[in-house]
Amino acid sequence: MLRLTNTLTGEQEPFVPQDKQTVRMYTCGPTVYDFVHIGNLRTYVFEDILRRHLASKWTIKHVMNITDIDDKIIKRSIETGKDIKSYSAPYSAAFFEDCEKLKIQKPEIITPATEHIPEMIDLINRLLESGYAYREGDSIYYRISRFPNYGRLSKLDRRELKIGARIDADEYEKEEPRDFVLWKAPKDPREPRWEAPFGEGRPGWHLECSAMAMKHLGETLDIHCGGVDNIFPHHENEIAQSEAATGRPFVRFWIHGEHLLVEGEKMAKSKGNFFTLRDLLEKGYEPLEIRYLLVSVRYRKQLNFTFDGLREARAALDRIKEFLFRLTTAKVKAGSNPKVASALSRAREEFEAALDDDLNTSAALAAVFVLIGECNIVLSAGELQEDNRAEILKWFKVIDQRLAIIPPMEQLVQSDQEVEALIARRNEARRNRDFATSDRIRQELLDRGVLIEDTREGTRWRRK
RNA sequence: GGCGCCGUACCCAAGUGGUAAGGGAGAGGUCUGCAAAACCUUUAUGCAUCGGUUCGAAUCCGAUCGGCGCCUCCA
């Protein structure tokens, strides 16, 4: 039984898709005005873990938007003399490259905002007709006073909103400061615009998610995700727009990922602690290490990103890698050791239970490491058997489907005649007690990235 | 000011009423010609502090201290 923390209630609730078969999930994607940063990626990794876990139980229809029209994009495209499409396209492509490096699976449907303008216009029309929207100047606004449930998600009541909200009195002539824009009339002749019955302009940010989510997933979604900063105002406004238009609940489960901090502080360009994936790769960190670190802390807890943490992630991955290597290369007898078999089934159960428990990835990883420890002892005693090995390797494939953090094995065990020959020469030297030569060969191999280990069963090697 | 999250060993981090998972690091040991590898063992009478409830609390309640986030574009 999967339980997830629903922001709407603040509590863990059992999750089952409304039609018992297909999970309809929407996640807020990037605004492609620049490269995404490691904090953005934490959220996408959390959503990836959620999607992989859901997919192990039900079919999944996952929609993610690409915000390719917004103030920042317009500003920068004007500055660089490009149209918005050619300005944003490279960042959009870069985003998918970053996701691929971090093994984030692609959603079934990806929706660029600029390809859904008619749906947005339609939604505005419905809101205008029902009195939830109004025109002021040449723009269209949402009338929050018409929507009594406003603030339910973010638990802000109206009075406090008024105090907290900063008023943009110069720019907008809204009925109330907290009202938000649905359709923006152009202010600058260079701004992109679309024709609409209520005048040319462009969509407000909140509108796109409502329009695109409902187009592809229906009026009530099972799950809607995003970072905690989106709870207010973005998701609150999505609810207001969608529910005003349909009269139905927009989302059953709102699930929000906490922020990533860097060295205990909010990431900000001005603090110099702002990292993109590219920055980290340039520093020599591996995508898998980064993903491991992001996965190792549960999504609803702030994650303090540090370089020490990355090094620890590397060490933890090495432990997994070493175990798989040892398991694969061990000489084992046919049959099955019942002690190992029961340890494995316990590990499996704990792993699934942990993920079912609101995606407790820390506990899921712990279950994996407990099994590794138990198996290492059995391996040392030479009591692990062929069936155990096959079952364990099979399970690690499952783990990799779920968490995508298992180091690839192929290059670890691939044969290399040159290396084998050098090892043979080294062992010859060792037999002759010519340790100067054997150490020289070991160093030579190490320089080539090959690590030698002398074990009771002979010398084995792997690439670093 | 309002709303919310968090504080567990040297570091990261599970555990939300039954007596402290896991990873890293350190220390011992095994193996080895040696070892940098690997493996094993070990490291919190204690869970920010103080008080309360309870047979029993890291877990519930209250207060205090500290950190973070949102209330404005933001994952």
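All chains are named by letter (A, B, ...) in the order of the sequence lines, taking the proteins before the strands, and each is independently numbered beginning at 1. Just so we're clear, the structure is a prediction, and the values are computed from it rather than from any experiment.
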Can you give one letter per nucleotide of nucleotides 14-22 of chain B, going 5' to 3': B for a protein heavy atom under 4.0 Å from the base, S for sugar-phosphate only, - for none?
SS-----BS

Could you give the CG-to-P distance, from A/D308 to B/G26, as a whole number of Å?
12 Å

Any N/O donor-acceptor pair, A/R433 side-chain to B/C34 base, under 3.5 Å:
no

Identify which nucleotide among B/A37, B/C34, B/C40 has an atom closest to any side-chain atom of A/R442, counting heavy atoms from C-beta outward.
B/C34

Out of B/A36, B/C40, B/G33, which nucleotide sits closest to the side chain of A/L446?
B/A36

By side-chain hydrogen bond (donor to acceptor under 3.5 Å, both in side chains), A/N304 pairs with (sequence neighbours left out) none

Any idea which of B/G24, B/U32, B/A37 is nearest the A/R430 side chain?
B/U32

Go through B/C39, B/A75, B/C3 for me and flag the one nearest to the A/L260 side chain.
B/A75

Looking at the side chain of A/E312, which of B/G69, B/C40, B/G24 is the nearest nucleotide?
B/G24

Contacts of A/F351 that satisfy ring-ring contact (aromatic ring centres under 6.0 Å, His included) - sequence neighbours left out:
A/W395

Residues at least two apart in sequence or cross-chain that pass ring-ring contact (aromatic ring centres under 6.0 Å, His included) with A/F253, listed by chain then number, are A/F15

Using Watson-Crick or G-U wobble geometry with both distances below 3.5 Å, tell me the partner of B/U59, or none.
none

Residues forming a salt bridge (Lys or Arg N to Asp or Glu O under 4.0 Å) with A/E13, sequence neighbours excluded
none

Starting the side chain at C-beta, find the nucleotide from B/A37, B/A75, B/C34 nearest to A/H259.
B/A75

Which part of the nucleic acid, if any, lies within contact of A/H256, taking any heavy atom under 4.0 Å across all strands shown: a base, the sugar-phosphate backbone alone, or nothing?
nothing

A/H235 meets the ring-ring contact (aromatic ring centres under 6.0 Å, His included) criterion, sequence neighbours left out, with A/H224, A/W254, A/H256

Look at the side chain of A/S154 and the base of B/G4, then say whether one donor and one acceptor between them are separated by less than 3.5 Å.
no

What nucleotide among B/A75, B/C70, B/C39 has an atom nearest to a side-chain atom of A/T43?
B/A75

Measure from the side-chain heavy atoms of A/Q302 and tell me the nearest of B/G69, B/C39, B/A36.
B/G69

